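This report concerns only the one structure given below.
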Amino acid sequence: MIDIANVVGSGDLDVELDIAEVELDLDLPYTEYDPSNYHGLYVRLAKGGPLITVYRSGKYIISGCSTFELLYESNDRFLTELSELEIVDTNVETDFTVKNLVCTAQLDDTVDLNTLSIALGLELVEYEPEQFPGLIYRPTDHAPVLLVFANGKIVITGAPNIDAAEDAFNHLKEQVTAYFGS
DNA sequence: TTTTGGCCAACTTATATACGGCTACGAG
DNA sequence: CTCGTAGCCGTATATAAGTTGGCCAAAA
């Protein structure tokens, strides 16, 4: 079983924006625009909620969602706010899509990461415990990258959808089972 | 030699994971 | 004063975005 920690999506409003003005027009309590720090406008619809980063080009990113539902709901609310200000049409098509999923999972047992490096194939693994305690695994036939920790905890990142994340995790489990036995 | 252009990389955000190092604070 | 602990930072991963700065080379 894997859990979603973060979902990231992006879309395109297809209009050039004066983001300083957009910040004023939105009149929301949790926005931030500091070009000396970063050129994107940060918008949160709720305190501590998902972050929407808006660019001059009209492209935007939503990150920090723990569910797909929250991601799409945030997108809808954001577009509603913008259409109420007549910045975009009510039925604007932004081609909003999920770009990255960060998930966590757990192996049944602890793992010796040095042994696992050999089992997975040294050319697909990065493991430098003095630099970072997790083993980094980039499977050949799976898009996600997996971080494996000695206590059996796993982080799966870079998946475009939940199936890709699950497939990558199942692949890792098969490798572990095949090499270490069940 | 100086200026200009092009290219690439870092920057920022969220998030889980965990380890070493550092700072700060409280207690003995 | 010293020791222990707690909390935070940097280490690394992916991804979208656009700007900016650095570096190198070529032209003036």
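Just so it is clear, the values below take in all heavy atoms, side chains as well, and ignore hydrogens, waters and symmetry mates. Within every chain, numbering begins at 1; the chains are lettered A, B, ... in the order of the sequence lines, protein sequences first and strands thereafter. Since we're looking at a predicted model, the values are computed, not measured.
Taking atom CG of A/L135 as the reference point, atom C1' of C/dT11 lies 15 Å away to the nearest angstrom. Protein atom OH of A/Y30 is 18 Å distant from nucleotide atom C1' of B/dA14, rounded to whole Å. A straight line from CD1 of A/I4 to P of B/dA14 spans 19 Å, rounded to a whole angstrom. Put simply, CZ on A/F132 is 15 Å from P on C/dG10, counting in whole angstrom units. The CD1-P distance, from A/I162 to B/dT15, rounds to 17 Å in whole Å. Nucleotide B/dG20 holds its P atom 14 Å from the CD atom of A/Q131, rounded to whole Å.
Here the closest non-hydrogen pair linking A/Y179 and A/A119 is CG-CB, 3.3 Å.
A/Y30 contributes atom OH, which lies 11.0 Å from atom CG of A/L45 (distance to the nearest 0.5 angstrom).
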*Just by protein heavy atoms under 4.0 Å, how would nucleotides 13-20 of chain C read 5' to 3' in B, S and -?*
BBBBBBS-
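Residues from residues 64-86 of chain A that place a heavy atom under 4.0 Å from any atom of DNA chain B, listed by number: A/G64.
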_Applying salt bridge (Lys or Arg N to Asp or Glu O under 4.0 Å) to A/E32 and A/R44, what does each step give before you reach the verdict?_
CA-CA 9 Å; A/E32 185 186 330; A/R44 284 179 209 273; over 6 Å; no
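Of the options A/L13, A/D89, A/T90, a side-chain contact (heavy atoms from CB on, under 4.5 Å) to A/L79 is made by A/L13 and by none of the others. Considering A/V8, A/N6, A/V7 in turn, A/V7 is the only one that fulfils the side-chain contact (heavy atoms from CB on, under 4.5 Å) rule with A/L71.
Between A/F149 and A/V111, the closest side-chain pair of non-hydrogen atoms is not below 4.5 Å.
Using modelled atom types, one finds a donor on one side chain and an acceptor on the other under 3.5 Å when comparing A/H171 with A/Y137.
Across all strands, A/N37 comes closer than 4.0 Å only to sugar-phosphate atoms, never to a base (heavy-atom distances).
The side chain to side chain donor-acceptor pair (under 3.5 Å) contacts involving residues 68-78 of chain A comprise A/Y60-A/N75, where partners must be two or more places apart or lie in separate chains.
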